Amino acid sequence: MSIAPEPVPRRFYNRDTLIVAPELLGKLLVRRESSGLLVGKIVETEAYRGVDDPASHSYRGKTPRNAVMFGAPGIAYVYFTYGNHYCLNAVTEDEGTPAAVLIRAVEPLEGVDLMMRNRGVEKLTEVGSGPGKLTKALQITREQNGCDLTDPASDLKICEPSEAGKVFETVRTTRIGIRLAQDKLWRFYVKGNPHVSRK
DNA sequence: GAGAAGATCTCCT
DNA sequence: GGAGATCTTCTCA
């Protein structure tokens with residue numbers, strides 16, 4: 001079976017980050033890779049805004065690393081952290097406004113065996129239940145930084161799910177793994193989904 | 001050019 | 001539950 005869904009249009013991303021983040025839940029993260037097609041459903045996100053968010057990379061202004069966040073919406077921002085891990089973001093809001101949504105967890109749907117091999121695990125819930133885990137499962141590296149998520153020909157894109165995939169309850173809570181601005185309720189996840197990184 | 005911190009994960013106790 | 005791994009990026013001298 002092959003999924004050929006429509007990518008989410010750029011105007012979807014060109015809105016308030018706090019609207020885009022919860023609406024990204026349930027969308028499909030589609031990665032076309034040399035050994036096959038890898039698809040995961042987004043089940044957890046976090047919003048990051050440069051202007052009023054001290055925890056964001058872009059809070060202190062534009063640097064070579066975060067330049068993508070200042071660019072057009074619908075672009076992938078991938079960065080390397082802790083010496084081990086990549087994290088995947090989708091850039092949001094108007095060009096010149098530094099904002100992005102961090103994809104924190106996915107539920108593997110297609111290419112599951114390949115993802116488990118990439119991760120070196122056998123439990124399905126261990127494949128994509130964390131920002132560093134899902135990038136490894138989907139083989140996302142800095143090469144995907146600046147990739148257009150709205151381009152049907154792109155190797156990495158975000159697509160509309162089937163109708164059945166849109167039925168779930170969203171939970172809004174505080175963000176994880178940051179020291180600054182922990183009070184903001186900018187993390188969203190699918191209620192009851194076992195692939196969410198933390199309850 | 002050197003030092004420190006980091007949107008994490010895994011293993012060990 | 002806690003700390004190490006490991007390296008990129010930023011900041012400051």
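This one's a predicted model, so the numbers in the text were calculated from it and none came from an experiment. Chain naming here is simple, since letters A, B, ... match the order of the sequence lines and numbering starts at 1 in each.
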J.: Ring centres of A:Y48 and A:H57 under 6.0 Å apart?
T.: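 Here the rings of A:H57 and A:Y48 have centres that are no less than 6.0 Å from each other.
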J.: Counting distance only, does the side-chain N/O of A:N89 pair as donor-acceptor with the main-chain N or O of A:Y77 below 3.5 Å?
T.: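 Indeed, once roles are kept as given, a pair shorter than 3.5 Å links the two residues.
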J.: What is the distance, rounded to the nearest whole Å, between atom CG of A:L102 and atom P of B:dG6?
T.: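 It is 16 Å, rounded to the nearest whole Å.
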J.: Between B:dA7 atom C1' and A:N89 atom CG, what is the distance in whole Å?
T.: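 A:N89 atom CG is separated from B:dA7 atom C1' by 8 Å.
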J.: Base, sugar-phosphate alone, or nothing: which one does A:G132 contact when heavy atoms must sit under 4.0 Å apart?
T.: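 Touches sugar-phosphate only.
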J.: Taking only side-chain N and O atoms of A:H57, does any of them lie within less than 4.0 angstrom of OP1 or OP2 on C:dT9?
T.: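 So the side chain of A:H57 is outside the cut-off, no N or O lying under 4.0 Å from OP1 or OP2 of C:dT9.
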J.: Take atom CG of A:N66 and atom P of C:dC10, then tell me their distance rounded to the nearest Å.
T.: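 That distance rounds to 7 Å.
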J.: Which part of the nucleic acid, if any, lies within contact of A:Y48, taking any heavy atom under 4.0 Å across all strands shown: a base, the sugar-phosphate backbone alone, or nothing?
T.: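 Counting heavy atoms under 4.0 Å across all strands, the contact made by A:Y48 includes a base.
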J.: What contact category does A:R60 fall into here, base, sugar-phosphate, or nothing, at under 4.0 angstrom with non-hydrogen atoms?
T.: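 Here A:R60 touches the backbone only, sparing every base.
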J.: Output yes when at least one side-chain N/O atom of A:T63 is less than 4.0 Å from OP1 or OP2 of C:dC10, else no.
T.: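 Result: yes.
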J.: Does a side-chain N or O of A:R65 approach OP1 or OP2 of C:dT8 to a distance below 4.0 Å, or not?
T.: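 No, because none of the side-chain N or O atoms of A:R65 sits under 4.0 Å from OP1 or OP2 of C:dT8.
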J.: OP1 or OP2 of C:dT9 sitting under 4.0 Å from any side-chain N/O of A:R142?
T.: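 Yes, A:R142 has a side-chain N/O under 4.0 Å of OP1/OP2 on C:dT9.
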J.: Quickly work out the A:N84 CG to B:dT8 P distance and round it to whole Å.
T.: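 Interatomic distance, CG of A:N84 to P of B:dT8: 12 Å.
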J.: Map A:R119 and A:S56 onto DNA chain B by nearest heavy atom, then report which one ends up closer to the 5' terminus.
T.: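 It is A:S56 whose nearest nucleotide is closer to the 5' end.
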J.: For B:dA4 and C:dG4, measure between their P atoms and round to the nearest Å.
T.: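 Here B:dA4 and C:dG4 have their P atoms 16 Å from each other.
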J.: So what stems show up for DNA chain B if we need 3 or more Watson-Crick or G-U pairs in a row, all under 3.5 Å?
T.: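 Stem list for DNA chain B: B:1-6 with C:7-12, B:8-12 with C:1-5.
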J.: Between the base of B:dA7 and the side chain of A:Y79, is there a donor-acceptor distance below 3.5 Å?
T.: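 For A:Y79, whose side chain was compared with the base of B:dA7, there is a donor-acceptor pair (under 3.5 Å).
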J.: Would you kindly compare A:V121 and A:L88 by the position of their nearest DNA chain B nucleotide and give the one closer to the 5′ end?
T.: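 Result: A:L88.
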